[in-house]
Amino acid sequence: MTVDLLQIVKEQLDEKFSNATTSSEMMYNFPVFTVDSNKIVPILSFFKTDKILNFSFLTDLTGYQTPNQQELVVVYHLHNLLNNYRIRIKAVLPISAPNIQSITTLWPAANWMERETFDFFGIIFDGHPNLKRILNVDEMTIFPLRKEFPLEDQERTDKDNAMFGR
């Protein structure tokens, strides 16, 4: 059924938003669509309100940095509760301009998810009602889950690298 879901959603996206989908694939029996980040609110609104698709529940929103360290990706997990279908929507942003429109008008629960994604990756959700750090201290000047920041303090003198397999 999930393969059919991939085709159905792709056809609906292409019909409603021409050239908005940059890729669609099945990943571990999970339909994944990469879409134009500039059209994220209309696309997600369509998924939520369309009577056929009916992806009315936002399960999760998060981000990650691509291995080449040049892009950030916002990932949305949507769920059709009536038919128990799930899909993943991804929007790719350049690291030099990590802005995307907030979806808090569609799902108020996205508020804290967007704040957490901002806090750890520096993705700026334009139109967010209160975009500020949620888990890290306000004085922090970095985004700790970006790959350009070291995982441990490089100045430490009390560690023995042999204990860490180095």
Side-chain angles (χ1 to χ4, degrees), residues 1-136 143 145-147:
M1 184 55 115
T2 53
V3 174
D4 295 333
L5 181 62
L6 177 75
Q7 190 61 34
I8 290 168
V9 173
K10 182 166 179 20
E11 288 172 1
Q12 292 286 328
L13 272 174
D14 290 343
E15 181 182 316
K16 183 77 173 167
F17 304 95
S18 60
N19 300 325
T21 306
T22 57
S23 74
S24 61
E25 60 185 321
M26 290 297 289
M27 294 181 71
Y28 307 105
N29 291 327
F30 207 95
V32 179
F33 301 90
T34 304
V35 300
D36 182 353
S37 63
N38 294 320
K39 298 178 181 175
I40 196 66
V41 171
I43 289 172
L44 294 179
S45 178
F46 171 68
F47 279 130
K48 181 179 181 181
T49 59
D50 185 73
K51 300 294 182 202
I52 296 169
L53 299 177
N54 195 23
F55 287 100
S56 59
F57 188 75
L58 174 69
T59 304
D60 192 25
L61 180 162
T62 190
Y64 68 90
Q65 187 175 10
T66 58
N68 68 12
Q69 298 186 18
Q70 300 303 310
E71 298 170 323
L72 295 168
V73 180
V74 182
V75 181
Y76 305 87
H77 289 124
L78 304 179
H79 191 174
N80 174 325
L81 296 169
L82 295 175
N83 298 312
N84 198 27
Y85 296 149
R86 298 169 190 267
I87 61 170
R88 180 178 300 136
I89 307 297
K90 299 192 307 187
V92 180
L93 312 168
I95 201 161
S96 58
N99 294 64
I100 193 165
Q101 196 64 36
S102 173
I103 62 164
T104 54
T105 55
L106 295 173
W107 287 284
N111 188 319
W112 284 24
M113 293 182 231
E114 288 181 352
R115 284 180 61 190
E116 180 183 35
T117 304
F118 163 74
D119 196 3
F120 284 104
F121 293 98
I123 296 170
I124 300 165
F125 292 90
D126 296 329
H128 189 281
N130 189 22
L131 191 62
K132 64 180 184 177
R133 292 197 182 268
I134 192 169
L135 295 170
N136 292 306
F143 301 105
L145 291 184
R146 284 195 182 176
K147 295 179 185 338

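Numbers here are sequence positions counted from 1. Since this is a predicted model, take the numbers as computed values, not measurements.
Atom OH of Tyr76 sits about 10.0 Å away from atom CD1 of Ile89, to the nearest 0.5 Å. Atom CD in Glu114 sits 11.0 Å away from atom CD1 in Ile134 (nearest 0.5 Å). The distance from atom CG of Leu78 to atom CZ of Arg88, rounded to the nearest 0.5 Å, is 11.0 Å. Atom CE in Met26 sits 11.5 Å away from atom CD in Gln7 (nearest 0.5 Å). Expressed to the nearest 0.5 Å, how far OG1 of Thr117 lies from CD1 of Ile123 amounts to 6.0 Å. Once rounded to the nearest 0.5 Å, the distance linking CD of Glu25 with NZ of Lys90 reads 6.0 Å.
Considering every non-hydrogen atom in both Ala110 and Leu61, the closest pair reads CB-CD1, 4.3 Å. Looking at every heavy atom in both residues, His128 comes nearest to Leu131 through ND1-N, 3.1 Å. The nearest pair of heavy atoms linking His79 to Tyr85 is CD2-O, 3.1 Å. Heavy-atom minimum distance, Phe125 versus Gln101: CD2-O, 4.3 Å. Across all non-hydrogen atoms, the minimal contact from Arg86 to Thr59 is NH1-OG1, 4.2 Å.
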N/O donor-acceptor pairs under 3.5 Å from side chains in residues 31-43, not counting sequence neighbours:
residue : atom : partner : partner atom : Å
Thr34   : OG1  : Ser23   : OG           : 3.1
Asp36   : OD1  : Asn38   : N            : 3.0

Donor-acceptor pairs under 3.5 Å, side chain of residues 44-56 to any protein atom, not counting sequence neighbours: which ones?
residue : atom : partner : partner atom : Å
Lys48   : NZ   : Leu106  : O            : 2.4
Thr49   : OG1  : Ser45   : O            : 2.8
Asp50   : OD2  : Ile52   : N            : 3.0
Asp50   : OD2  : Leu53   : N            : 2.8

Output, in order, the C-alpha distance, side-chain angles, deciding distance and verdict of side chain to side chain contact (heavy atoms under 4.5 Å, CB included) for Leu93 and Asn99.
CA-CA 7 Å; Leu93 312 168; Asn99 294 64; over 6 Å; no
Could you walk me through whether Val92 and Thr22 pass side chain to side chain contact (heavy atoms under 4.5 Å, CB included), step by step?
CA-CA 10 Å; Val92 180; Thr22 57; over 6 Å; no
Please determine whether side chain to side chain contact (heavy atoms under 4.5 Å, CB included) holds for the pair Thr62 and Phe120, giving the CA-CA distance in whole Å, both sets of side-chain angles, and the decisive distance to 0.1 Å.
CA-CA 10 Å; Thr62 190; Phe120 284 104; over 6 Å; no
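Every residue meeting the side chain to side chain contact (heavy atoms under 4.5 Å, CB included) condition with Gln65, not counting sequence neighbours, appears here in chain and number order: Gln69, Leu72, Ile95, Arg146, Lys147, Glu148. Residues satisfying the ring-ring contact (aromatic ring centres under 6.0 Å, His included) criterion with Phe118, sequence neighbours excluded, are Phe143. Residues satisfying the side chain to side chain donor-acceptor pair (under 3.5 Å) test with Asp60, not counting sequence neighbours, are none. In this structure, the side chain to side chain donor-acceptor pair (under 3.5 Å) partners of Lys10, at least two apart in sequence or on a different chain, are Asp14.
The number of heavy-atom neighbours closer than 6.0 Å to CG of Asn19, taken from other residues, nucleotides and ligands shown, is 12 or below.
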